[in-house]
Amino acid sequence: MEKFWLEITHECKQSGARTGILHTPHGDVLTPMFMPVGTLATVKFLSPEEIEEIQSGVILSNTYHLWLRPGDEIVRDAGGLHTFMNVKNPILTDSGGFQVFSLSDSRKITEEGVTFKNHLNGDTMMLSPEKSIQIQNNLGADIIMSFDECPPFPATHEYMKASVERTLRWAQRGKDAHQRPHDQALFGIVQGGEYEDLREYSAKTLVDMDFPGYSIGGTSVGETKEVLYRMVDYSVKWLPKDKPRYLMGVGSTDAILEGVLRGIDMFDCVLPTRIARHGTLMSNQGRINIRNAKYERDFGPLDPECDCYTCKNYSRAYLRHLIRCDEGLGQRLLSIHNLRFLIKLTEDIRQAINEDRFLDFKNEYFKKHKLNSIDSRGF
RNA sequence: GGGGGGGUAGCGAAGUGGCUAAACGCGGUUGACUGUAAAUCAAUUCUCUCCGAGUUCGGCGGUUCGAAUCCGUCCCCCCCCA
(Lines give C-alpha, C1' and ligand atoms only; values in the text may rest on other atoms or scores of the structure.)
Protein backbone atom coordinates (compact mmCIF):
# COMPACT_ATOMS: atom_id res chain seq x y z
CA MET A 1 0.00 0.00 0.00
CA GLU A 2 1.55 3.21 -1.15
CA LYS A 3 -0.10 5.33 1.54
CA PHE A 4 1.25 3.31 4.42
CA TRP A 5 4.84 2.50 5.23
CA LEU A 6 7.42 2.84 7.92
CA GLU A 7 10.40 5.00 7.10
CA ILE A 8 13.27 4.14 9.43
CA THR A 9 15.04 7.40 10.19
CA HIS A 10 17.71 6.31 12.61
CA GLU A 11 19.14 3.28 14.31
CA CYS A 12 20.78 3.96 17.65
CA LYS A 13 24.43 2.98 17.49
CA GLN A 14 24.46 2.33 21.21
CA SER A 15 21.35 0.17 21.54
CA GLY A 16 20.09 -0.81 18.11
CA ALA A 17 16.73 0.80 18.86
CA ARG A 18 15.17 2.68 16.01
CA THR A 19 13.20 5.79 15.20
CA GLY A 20 10.98 6.19 12.22
CA ILE A 21 8.16 7.95 10.48
CA LEU A 22 5.00 5.96 10.03
CA HIS A 23 3.26 7.24 6.93
CA THR A 24 -0.51 6.77 7.05
CA PRO A 25 -3.47 8.01 4.99
CA HIS A 26 -4.14 10.48 7.80
CA GLY A 27 -0.65 11.85 8.12
CA ASP A 28 2.79 10.98 9.38
CA VAL A 29 3.55 10.01 12.95
CA LEU A 30 6.87 9.46 14.62
CA THR A 31 7.94 6.16 16.12
CA PRO A 32 8.41 4.80 18.71
CA MET A 33 5.02 6.03 19.78
CA PHE A 34 2.42 5.54 22.45
CA MET A 35 -1.19 5.33 21.25
CA PRO A 36 -4.02 6.41 23.58
CA VAL A 37 -6.99 4.06 23.68
CA GLY A 38 -10.44 5.31 22.74
CA THR A 39 -12.45 2.11 22.66
CA LEU A 40 -15.88 3.62 22.12
CA ALA A 41 -14.74 6.14 19.52
CA THR A 42 -13.61 8.51 22.24
CA VAL A 43 -10.52 8.76 24.36
CA LYS A 44 -12.59 8.94 27.51
CA PHE A 45 -13.10 12.55 28.62
CA LEU A 46 -10.78 14.09 26.02
CA SER A 47 -11.85 16.34 23.19
CA PRO A 48 -10.11 16.11 19.80
CA GLU A 49 -8.40 19.41 20.61
CA GLU A 50 -6.99 17.95 23.80
CA ILE A 51 -5.84 14.84 21.98
CA GLU A 52 -4.00 17.15 19.62
CA GLU A 53 -2.54 19.23 22.44
CA ILE A 54 -0.91 16.22 24.10
CA GLN A 55 0.82 15.57 20.76
CA SER A 56 -0.82 12.23 20.34
CA GLY A 57 -0.19 10.36 17.12
CA VAL A 58 -2.34 7.35 16.40
CA ILE A 59 -5.35 6.66 18.60
CA LEU A 60 -7.12 3.35 19.08
CA SER A 61 -10.69 2.29 18.78
CA ASN A 62 -12.43 -1.04 18.96
CA THR A 63 -14.24 -3.31 16.55
CA TYR A 64 -16.34 -5.19 19.08
CA HIS A 65 -17.60 -2.16 20.95
CA LEU A 66 -18.44 -0.11 17.87
CA TRP A 67 -20.07 -3.09 16.22
CA LEU A 68 -22.49 -3.24 19.18
CA ARG A 69 -22.94 0.51 19.44
CA PRO A 70 -23.58 2.49 17.34
CA GLY A 71 -23.02 -0.17 14.66
CA ASP A 72 -20.26 -0.17 12.07
CA GLU A 73 -22.61 0.70 9.23
CA ILE A 74 -23.66 3.85 11.01
CA VAL A 75 -20.03 4.85 11.42
CA ARG A 76 -19.47 4.08 7.75
CA ASP A 77 -22.46 6.18 6.73
CA ALA A 78 -21.23 8.99 8.98
CA GLY A 79 -18.15 9.10 6.77
CA GLY A 80 -15.93 6.77 8.78
CA LEU A 81 -14.40 7.02 12.21
CA HIS A 82 -12.33 10.11 11.53
CA THR A 83 -15.34 12.13 10.47
CA PHE A 84 -17.60 10.57 13.07
CA MET A 85 -15.16 11.42 15.88
CA ASN A 86 -13.92 14.66 14.37
CA VAL A 87 -10.27 13.69 14.78
CA LYS A 88 -7.39 14.24 12.42
CA ASN A 89 -5.20 11.58 13.99
CA PRO A 90 -4.55 8.29 12.28
CA ILE A 91 -6.74 5.65 13.89
CA LEU A 92 -6.09 2.00 14.64
CA THR A 93 -8.89 -0.43 15.41
CA ASP A 94 -8.39 -3.59 17.38
CA SER A 95 -10.12 -6.62 15.94
CA GLY A 96 -12.20 -7.71 18.90
CA GLY A 97 -9.79 -10.53 19.64
CA PHE A 98 -9.01 -9.18 23.05
CA GLN A 99 -12.71 -8.89 23.89
CA VAL A 100 -13.05 -12.56 23.09
CA PHE A 101 -10.43 -13.09 25.77
CA SER A 102 -11.97 -10.81 28.34
CA LEU A 103 -15.51 -12.06 27.72
CA SER A 104 -14.30 -15.61 28.08
CA ASP A 105 -17.02 -16.59 30.54
CA SER A 106 -19.61 -16.73 27.82
CA ARG A 107 -17.73 -17.65 24.66
CA LYS A 108 -17.16 -20.63 22.44
CA ILE A 109 -14.25 -20.73 20.03
CA THR A 110 -14.59 -22.78 16.85
CA GLU A 111 -12.74 -22.87 13.56
CA GLU A 112 -15.37 -20.58 12.09
CA GLY A 113 -14.98 -17.92 14.75
CA VAL A 114 -16.17 -17.08 18.22
CA THR A 115 -19.69 -17.36 19.52
CA PHE A 116 -20.33 -15.35 22.64
CA LYS A 117 -22.92 -13.44 24.58
CA ASN A 118 -22.45 -9.73 24.36
CA HIS A 119 -22.03 -7.77 27.56
CA LEU A 120 -24.92 -5.38 26.90
CA ASN A 121 -27.99 -7.59 26.63
CA GLY A 122 -26.63 -11.12 26.51
CA ASP A 123 -27.51 -11.68 22.86
CA THR A 124 -25.61 -14.55 21.30
CA MET A 125 -23.31 -13.20 18.58
CA MET A 126 -20.65 -14.57 16.27
CA LEU A 127 -17.44 -12.81 15.41
CA SER A 128 -15.30 -14.35 12.69
CA PRO A 129 -12.15 -13.21 10.90
CA GLU A 130 -14.21 -12.11 7.91
CA LYS A 131 -16.78 -10.33 10.06
CA SER A 132 -14.13 -8.52 12.06
CA ILE A 133 -12.44 -7.28 8.90
CA GLN A 134 -15.76 -6.29 7.37
CA ILE A 135 -16.60 -4.23 10.46
CA GLN A 136 -13.17 -2.65 10.41
CA ASN A 137 -13.55 -1.86 6.71
CA ASN A 138 -16.72 -0.02 7.61
CA LEU A 139 -15.13 1.79 10.53
CA GLY A 140 -12.38 2.99 8.23
CA ALA A 141 -9.35 3.16 10.51
CA ASP A 142 -5.88 3.61 8.99
CA ILE A 143 -4.58 0.50 10.68
CA ILE A 144 -6.67 -2.57 11.38
CA MET A 145 -5.95 -5.81 13.18
CA SER A 146 -6.35 -9.42 12.23
CA PHE A 147 -8.93 -11.28 14.27
CA ASP A 148 -6.94 -13.41 16.67
CA GLU A 149 -7.37 -15.46 19.76
CA CYS A 150 -5.65 -13.82 22.69
CA PRO A 151 -4.88 -16.94 24.68
CA PRO A 152 -4.82 -16.91 28.46
CA PHE A 153 -1.59 -16.99 30.41
CA PRO A 154 -0.43 -19.47 31.31
CA ALA A 155 -1.54 -21.98 28.69
CA THR A 156 -0.12 -25.37 27.83
CA HIS A 157 2.06 -25.79 24.78
CA GLU A 158 -0.56 -28.08 23.31
CA TYR A 159 -3.32 -25.51 23.73
CA MET A 160 -1.12 -22.70 22.51
CA LYS A 161 -0.04 -24.59 19.42
CA ALA A 162 -3.62 -25.24 18.36
CA SER A 163 -4.52 -21.65 19.13
CA VAL A 164 -1.61 -20.25 17.12
CA GLU A 165 -2.41 -22.43 14.14
CA ARG A 166 -6.03 -21.37 14.19
CA THR A 167 -5.11 -17.71 14.59
CA LEU A 168 -2.80 -18.04 11.57
CA ARG A 169 -5.61 -19.50 9.50
CA TRP A 170 -7.80 -16.67 10.69
CA ALA A 171 -5.11 -14.18 9.66
CA GLN A 172 -5.14 -15.53 6.11
CA ARG A 173 -8.92 -15.49 6.00
CA GLY A 174 -8.98 -11.92 7.24
CA LYS A 175 -6.43 -10.92 4.65
CA ASP A 176 -8.49 -12.53 1.91
CA ALA A 177 -11.63 -10.76 3.13
CA HIS A 178 -9.99 -7.34 3.37
CA GLN A 179 -11.81 -4.99 1.02
CA ARG A 180 -9.71 -1.85 1.51
CA PRO A 181 -6.04 -2.90 1.35
CA HIS A 182 -5.32 0.30 -0.56
CA ASP A 183 -6.09 2.58 2.38
CA GLN A 184 -6.24 0.38 5.47
CA ALA A 185 -3.12 -1.41 6.68
CA LEU A 186 -3.99 -4.84 8.04
CA PHE A 187 -1.55 -6.09 10.68
CA GLY A 188 -0.86 -9.71 11.47
CA ILE A 189 -0.64 -10.65 15.14
CA VAL A 190 2.14 -12.86 16.44
CA GLN A 191 0.96 -15.24 19.13
CA GLY A 192 2.49 -18.25 20.83
CA GLY A 193 2.53 -17.23 24.47
CA GLU A 194 5.85 -17.77 26.15
CA TYR A 195 6.87 -20.62 23.83
CA GLU A 196 9.84 -19.73 21.68
CA ASP A 197 9.09 -22.28 18.96
CA LEU A 198 5.48 -21.14 18.63
CA ARG A 199 6.41 -17.47 18.51
CA GLU A 200 8.88 -18.29 15.75
CA TYR A 201 6.35 -20.34 13.86
CA SER A 202 3.69 -17.66 14.24
CA ALA A 203 5.97 -14.83 13.17
CA LYS A 204 7.51 -16.64 10.21
CA THR A 205 4.14 -17.76 8.90
CA LEU A 206 2.72 -14.26 9.14
CA VAL A 207 5.75 -12.77 7.43
CA ASP A 208 5.28 -15.24 4.59
CA MET A 209 1.74 -13.90 4.24
CA ASP A 210 3.28 -10.42 3.97
CA PHE A 211 1.45 -7.94 6.14
CA PRO A 212 2.22 -4.18 6.16
CA GLY A 213 2.84 -4.40 9.91
CA TYR A 214 3.04 -6.90 12.74
CA SER A 215 1.62 -6.92 16.22
CA ILE A 216 2.83 -8.90 19.16
CA GLY A 217 -0.20 -10.20 20.99
CA GLY A 218 -1.01 -12.39 23.91
CA THR A 219 0.65 -9.84 26.13
CA SER A 220 -0.67 -7.95 29.13
CA VAL A 221 -2.76 -10.88 30.21
CA GLY A 222 -1.21 -11.43 33.62
CA GLU A 223 2.29 -12.56 32.69
CA THR A 224 5.33 -11.20 34.49
CA LYS A 225 7.55 -8.58 32.91
CA GLU A 226 10.27 -11.16 32.47
CA VAL A 227 7.91 -13.35 30.45
CA LEU A 228 6.63 -10.35 28.49
CA TYR A 229 10.14 -9.42 27.40
CA ARG A 230 10.84 -12.99 26.36
CA MET A 231 7.63 -12.98 24.30
CA VAL A 232 8.88 -9.83 22.58
CA ASP A 233 12.35 -11.25 21.99
CA TYR A 234 10.98 -14.49 20.58
CA SER A 235 8.72 -12.57 18.20
CA VAL A 236 10.70 -9.56 17.01
CA LYS A 237 13.70 -11.54 15.83
CA TRP A 238 11.67 -13.00 12.97
CA LEU A 239 10.00 -9.79 11.87
CA PRO A 240 11.23 -7.71 8.92
CA LYS A 241 13.06 -4.55 9.91
CA ASP A 242 11.22 -2.33 7.49
CA LYS A 243 7.75 -3.04 8.86
CA PRO A 244 6.21 -1.50 11.98
CA ARG A 245 6.04 -3.62 15.13
CA TYR A 246 3.25 -3.07 17.59
CA LEU A 247 3.33 -4.43 21.12
CA MET A 248 -0.29 -4.74 22.09
CA GLY A 249 -1.63 -3.56 25.40
CA VAL A 250 1.65 -2.49 26.90
CA GLY A 251 2.00 0.95 28.37
CA SER A 252 3.94 1.14 31.61
CA THR A 253 7.08 3.23 31.37
CA ASP A 254 9.48 0.38 32.05
CA ALA A 255 7.86 -1.89 29.48
CA ILE A 256 7.91 0.85 26.85
CA LEU A 257 11.62 1.37 27.42
CA GLU A 258 12.33 -2.35 27.34
CA GLY A 259 10.14 -2.73 24.29
CA VAL A 260 11.86 0.04 22.37
CA LEU A 261 15.19 -1.54 23.22
CA ARG A 262 13.90 -4.71 21.56
CA GLY A 263 12.77 -2.92 18.41
CA ILE A 264 9.12 -2.11 19.12
CA ASP A 265 7.66 0.92 17.33
CA MET A 266 4.11 1.14 18.64
CA PHE A 267 2.51 0.74 22.05
CA ASP A 268 -1.00 1.15 23.32
CA CYS A 269 -2.51 0.80 26.74
CA VAL A 270 -5.59 1.74 28.70
CA LEU A 271 -3.48 2.04 31.82
CA PRO A 272 -2.73 5.79 31.74
CA THR A 273 -6.32 6.81 31.10
CA ARG A 274 -7.91 4.26 33.37
CA ILE A 275 -5.73 4.89 36.38
CA ALA A 276 -6.07 8.63 35.78
CA ARG A 277 -9.83 8.37 36.06
CA HIS A 278 -9.27 6.44 39.28
CA GLY A 279 -6.94 9.08 40.69
CA THR A 280 -3.50 7.61 40.06
CA LEU A 281 -0.84 9.58 38.23
CA MET A 282 2.40 8.71 36.54
CA SER A 283 4.94 11.38 37.38
CA ASN A 284 8.60 12.20 37.48
CA GLN A 285 8.26 11.96 41.26
CA GLY A 286 6.89 8.44 40.98
CA ARG A 287 3.41 7.11 41.40
CA ILE A 288 0.93 9.58 42.85
CA ASN A 289 -2.50 8.74 44.19
CA ILE A 290 -4.04 12.17 44.17
CA ARG A 291 -6.84 11.10 46.50
CA ASN A 292 -4.43 10.62 49.37
CA ALA A 293 -4.97 12.88 52.35
CA LYS A 294 -1.41 14.17 52.16
CA TYR A 295 -2.28 16.25 49.11
CA GLU A 296 -5.13 18.06 50.82
CA ARG A 297 -3.14 21.28 51.21
CA ASP A 298 -0.58 20.69 48.46
CA PHE A 299 -0.97 23.74 46.28
CA GLY A 300 1.95 22.93 44.00
CA PRO A 301 1.69 21.41 40.51
CA LEU A 302 1.04 17.74 39.97
CA ASP A 303 4.44 17.22 38.40
CA PRO A 304 6.75 20.25 38.24
CA GLU A 305 8.79 18.61 35.47
CA CYS A 306 5.78 17.97 33.24
CA ASP A 307 4.79 20.27 30.39
CA CYS A 308 1.13 19.29 30.18
CA TYR A 309 -1.86 21.61 30.47
CA THR A 310 -2.83 20.14 33.82
CA CYS A 311 0.57 20.57 35.41
CA LYS A 312 0.91 24.10 34.09
CA ASN A 313 -2.43 25.27 35.46
CA TYR A 314 -3.70 23.25 38.42
CA SER A 315 -2.62 22.31 41.92
CA ARG A 316 -2.56 18.89 43.51
CA ALA A 317 -5.05 20.11 46.10
CA TYR A 318 -7.52 21.17 43.42
CA LEU A 319 -7.10 17.97 41.40
CA ARG A 320 -7.61 15.95 44.59
CA HIS A 321 -10.75 17.91 45.28
CA LEU A 322 -12.13 17.30 41.79
CA ILE A 323 -11.46 13.58 41.85
CA ARG A 324 -12.94 13.16 45.32
CA CYS A 325 -16.03 15.00 44.20
CA ASP A 326 -16.26 12.77 41.13
CA GLU A 327 -16.12 15.80 38.88
CA GLY A 328 -15.51 15.11 35.21
CA LEU A 329 -12.98 17.89 34.94
CA GLY A 330 -10.75 15.99 37.35
CA GLN A 331 -10.87 12.86 35.24
CA ARG A 332 -10.20 14.95 32.16
CA LEU A 333 -7.23 16.79 33.63
CA LEU A 334 -5.64 13.66 35.06
CA SER A 335 -6.12 11.79 31.79
CA ILE A 336 -4.43 14.64 29.96
CA HIS A 337 -1.50 14.43 32.32
CA ASN A 338 -0.94 10.68 32.19
CA LEU A 339 -1.20 10.56 28.41
CA ARG A 340 1.10 13.52 27.96
CA PHE A 341 3.51 11.96 30.44
CA LEU A 342 3.81 8.79 28.36
CA ILE A 343 3.87 10.61 25.04
CA LYS A 344 6.60 12.91 26.35
CA LEU A 345 8.51 9.79 27.35
CA THR A 346 8.35 8.57 23.75
CA GLU A 347 9.56 11.98 22.55
CA ASP A 348 12.54 11.72 24.89
CA ILE A 349 13.12 8.17 23.75
CA ARG A 350 13.20 9.22 20.09
CA GLN A 351 15.64 11.99 20.86
CA ALA A 352 17.90 9.63 22.76
CA ILE A 353 17.84 7.13 19.89
CA ASN A 354 18.59 9.82 17.35
CA GLU A 355 21.54 10.89 19.49
CA ASP A 356 22.79 7.30 19.81
CA ARG A 357 22.44 7.23 23.59
CA PHE A 358 19.27 5.26 24.16
CA LEU A 359 20.91 2.66 26.38
CA ASP A 360 22.18 5.40 28.68
CA PHE A 361 18.79 7.04 28.61
CA LYS A 362 17.02 3.84 29.55
CA ASN A 363 19.44 3.03 32.33
CA GLU A 364 19.23 6.52 33.77
CA TYR A 365 15.46 6.43 33.62
CA PHE A 366 15.35 3.10 35.43
CA LYS A 367 17.75 4.42 38.04
CA LYS A 368 15.83 7.64 38.56
CA HIS A 369 12.51 5.84 38.92
CA LYS A 370 13.94 2.89 40.84
CA LEU A 371 12.77 0.45 38.18
CA ASN A 372 14.21 -2.93 37.37
CA SER A 373 13.98 -5.08 34.29
CA ILE A 374 12.02 -7.89 35.79
CA ASP A 375 9.07 -6.86 37.84
CA SER A 376 8.17 -3.29 38.16
CA ARG A 377 5.01 -1.35 37.84
CA GLY A 378 6.91 1.14 35.77
CA PHE A 379 5.73 4.43 37.10
C1' G B 1 -51.49 22.50 79.12
C1' G B 2 -53.28 17.96 75.92
C1' G B 3 -51.96 14.10 72.28
C1' G B 4 -48.36 11.48 69.32
C1' G B 5 -43.40 10.14 67.50
C1' G B 6 -38.23 9.69 68.36
C1' G B 7 -32.94 9.58 70.55
C1' U B 8 -28.05 3.29 67.57
C1' A B 9 -20.86 3.96 65.60
C1' G B 10 -18.47 10.68 61.71
C1' C B 11 -23.69 11.15 59.19
C1' G B 12 -28.24 8.59 57.59
C1' A B 13 -30.52 4.15 58.91
C1' A B 14 -31.70 -1.40 60.27
C1' G B 15 -32.08 -4.24 64.59
C1' U B 16 -36.55 -4.75 69.27
C1' G B 17 -34.01 -10.61 75.01
C1' G B 18 -28.63 -14.70 73.44
C1' C B 19 -26.34 -16.32 66.54
C1' U B 20 -24.88 -8.16 67.59
C1' A B 21 -19.03 -4.55 68.05
C1' A B 22 -24.14 -4.09 66.02
C1' A B 23 -27.03 -5.11 58.67
C1' C B 24 -26.98 -1.50 54.80
C1' G B 25 -25.87 3.30 52.52
C1' C B 26 -22.97 7.72 52.64
C1' G B 27 -18.64 9.89 54.35
C1' G B 28 -13.25 8.82 55.77
C1' U B 29 -8.52 6.05 54.93
C1' U B 30 -5.62 2.85 51.88
C1' G B 31 -4.76 -0.28 47.72
C1' A B 32 -5.49 -2.32 42.75
C1' C B 33 -5.97 -1.21 37.62
C1' U B 34 -1.65 -2.91 31.22
C1' G B 35 -4.86 -4.73 22.62
C1' U B 36 -11.23 -0.51 28.33
C1' A B 37 -18.06 -5.21 30.28
C1' A B 38 -13.66 -0.36 34.44
C1' A B 39 -15.95 7.88 36.41
C1' U B 40 -14.56 0.66 38.34
C1' C B 41 -13.19 -2.82 42.00
C1' A B 42 -11.12 -4.39 46.80
C1' A B 43 -9.69 -3.75 51.92
C1' U B 44 -10.41 -0.98 56.15
C1' U B 45 -13.34 2.49 59.34
C1' C B 46 -15.41 2.14 68.58
C1' U B 47 -10.55 1.51 71.66
C1' C B 48 -5.98 -1.28 72.57
C1' U B 49 -3.62 -5.19 70.45
C1' C B 50 -0.58 -10.80 67.43
C1' C B 51 -4.22 -14.45 68.21
C1' G B 52 -7.15 -11.68 71.54
C1' A B 53 -9.07 -8.27 75.02
C1' G B 54 -11.80 -3.94 76.61
C1' U B 55 -15.59 -0.38 76.52
C1' U B 56 -20.65 0.69 73.39
C1' C B 57 -26.66 1.65 71.12
C1' G B 58 -29.29 9.63 75.22
C1' G B 59 -28.19 9.45 81.24
C1' C B 60 -28.98 6.78 85.70
C1' G B 61 -31.16 2.65 88.20
C1' G B 62 -33.60 -2.08 87.82
C1' U B 63 -35.46 -7.23 85.85
C1' U B 64 -32.67 -11.49 83.75
C1' C B 65 -27.88 -16.72 83.53
C1' G B 66 -27.85 -12.95 79.47
C1' A B 67 -30.31 -6.24 77.54
C1' A B 68 -29.38 -1.75 71.94
C1' U B 69 -33.74 -4.84 72.71
C1' C B 70 -38.05 -5.59 78.97
C1' C B 71 -39.32 -2.13 83.46
C1' G B 72 -38.71 2.67 86.24
C1' U B 73 -36.94 7.44 86.11
C1' C B 74 -34.51 11.72 84.24
C1' C B 75 -32.64 14.65 79.99
C1' C B 76 -33.12 16.11 74.88
C1' C B 77 -35.47 16.48 69.83
C1' C B 78 -39.72 16.53 66.31
C1' C B 79 -45.08 16.79 64.91
C1' C B 80 -50.33 17.93 65.92
C1' C B 81 -54.06 20.39 69.08
C1' A B 82 -54.77 24.48 72.59
Side-chain angles (χ1 to χ4, degrees), chain A residues 34-46 58-66 68-69 92-107 116-122 132 141 143-151 153 187 189-191 214-225 228 231 246-256 258-259 264 266-282 287-296 320 322-335 338 342 375-379:
Chain A
F34 176 79
M35 307 182 286
V37 180
T39 301
L40 283 160
T42 169
V43 178
K44 293 184 190 298
F45 286 95
L46 297 205
V58 176
I59 59 175
L60 253 70
S61 207
N62 189 276
T63 298
Y64 166 77
H65 294 275
L66 296 180
L68 294 187
R69 289 185 306 196
L92 181 156
T93 45
D94 188 24
S95 63
F98 187 77
Q99 280 62 47
V100 169
F101 164 76
S102 62
L103 295 165
S104 62
D105 288 344
S106 56
R107 70 161 185 209
F116 61 95
K117 295 186 190 312
N118 78 46
H119 71 283
L120 295 177
N121 60 12
S132 174
I143 304 168
I144 66 179
M145 290 297 124
S146 294
F147 185 66
D148 65 333
E149 182 195 348
C150 181
F153 179 87
F187 278 29
I189 304 179
V190 180
Q191 291 288 355
Y214 298 92
S215 305
I216 297 170
T219 50
S220 291
V221 290
E223 76 282 6
T224 64
K225 288 282 165 66
L228 168 64
M231 289 172 167
Y246 163 28
L247 181 55
M248 307 184 83
V250 170
S252 58
T253 53
D254 58 332
I256 288 176
E258 293 284 355
I264 300 295
M266 306 161 67
F267 301 86
D268 83 285
C269 196
V270 304
L271 192 66
T273 42
R274 179 180 292 166
I275 67 176
R277 291 195 303 280
H278 300 165
T280 302
L281 287 314
M282 303 170 167
R287 189 189 184 89
I288 292 176
N289 186 335
I290 202 66
R291 294 186 324 240
N292 287 175
K294 60 185 173 187
Y295 301 118
E296 185 177 20
R320 173 176 190 268
L322 291 178
I323 284 292
R324 279 160 44 93
C325 294
D326 201 23
E327 279 293 337
L329 179 61
Q331 288 154 317
R332 175 192 299 270
L333 293 172
L334 297 190
S335 295
N338 272 358
L342 280 187
D375 62 344
S376 157
R377 295 192 300 191
F379 55 89

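Throughout, protein chains are lettered first and strands after them, A, B, ... in sequence-line order, and every chain is numbered starting at 1.
At the phosphate of B/G31, OP1 or OP2 sits under 4.0 Å from a side-chain N or O atom of A/Asn292. For A/Gln99, no side-chain nitrogen or oxygen approaches OP1 or OP2 of B/G35 to under 4.0 Å. The phosphate of B/A37 (OP1 or OP2) has a side-chain N or O of A/Ser102 nearer than 4.0 angstrom. OP1 and OP2 of B/U40 both lie 4.0 Å or more from every side-chain N or O belonging to A/Arg277. Residue A/Thr39 places at least one side-chain N or O closer than 4.0 Å to OP1 or OP2 of B/U36. For B/C33, the OP1/OP2 oxygens have a side-chain nitrogen or oxygen of A/Arg287 closer than 4.0 Å. Contact check, A/Asn118 against B/A37: no side-chain N or O comes under 4.0 Å of OP1 or OP2. Listed pair A/Asn62 / B/U36 meets the phosphate criterion, a side-chain N or O lying under 4.0 Å from OP1 or OP2. Within the 4.0 Å cut-off from OP1 or OP2 of B/U29, at least one side-chain nitrogen or oxygen of A/Arg324 is found.
Straight-line distance from the CE atom of A/Met231 to the P atom of B/G35: 14 Å, rounded to whole Å. Rounding to whole angstrom units, CZ of residue A/Arg320 and C1' of B/G28 are separated by 10 Å. Here the P atom of nucleotide B/G35 and the CZ atom of A/Phe187 are 18 Å apart, to the nearest Å. Atom pair A/Glu296:CD and B/G27:C1' shows a separation of 14 Å (rounding to whole Å applied).
Around the CZ atom of A/Arg69, the shell of radius 6.0 Å holds no more than 12 heavy atoms that belong to other residues, nucleotides or ligands.
Of the possible donor and acceptor atoms, one in the side chain of A/Gln191 sits under 3.5 Å from a partner among the backbone N and O of A/Gly218.
Within 4.0 Å (heavy atoms only), A/Leu60 reaches sugar-phosphate atoms of the nucleic acid but no base atom. Among the protein residues, A/Glu223 comes within range of no part of the nucleic acid, since none of its heavy atoms lies under 4.0 Å from any strand. Residue-level contact check: A/Thr280 touches the bases, meaning some heavy atom is under 4.0 Å from a base atom.
The heavy-atom pair separating A/Lys225 from A/Ser252 by the smallest distance is NZ-OG, 3.3 Å.
With hydrogens and angles ignored, a donor-acceptor pair under 3.5 angstrom links the side chain of A/Asp148 to the base of B/G35.
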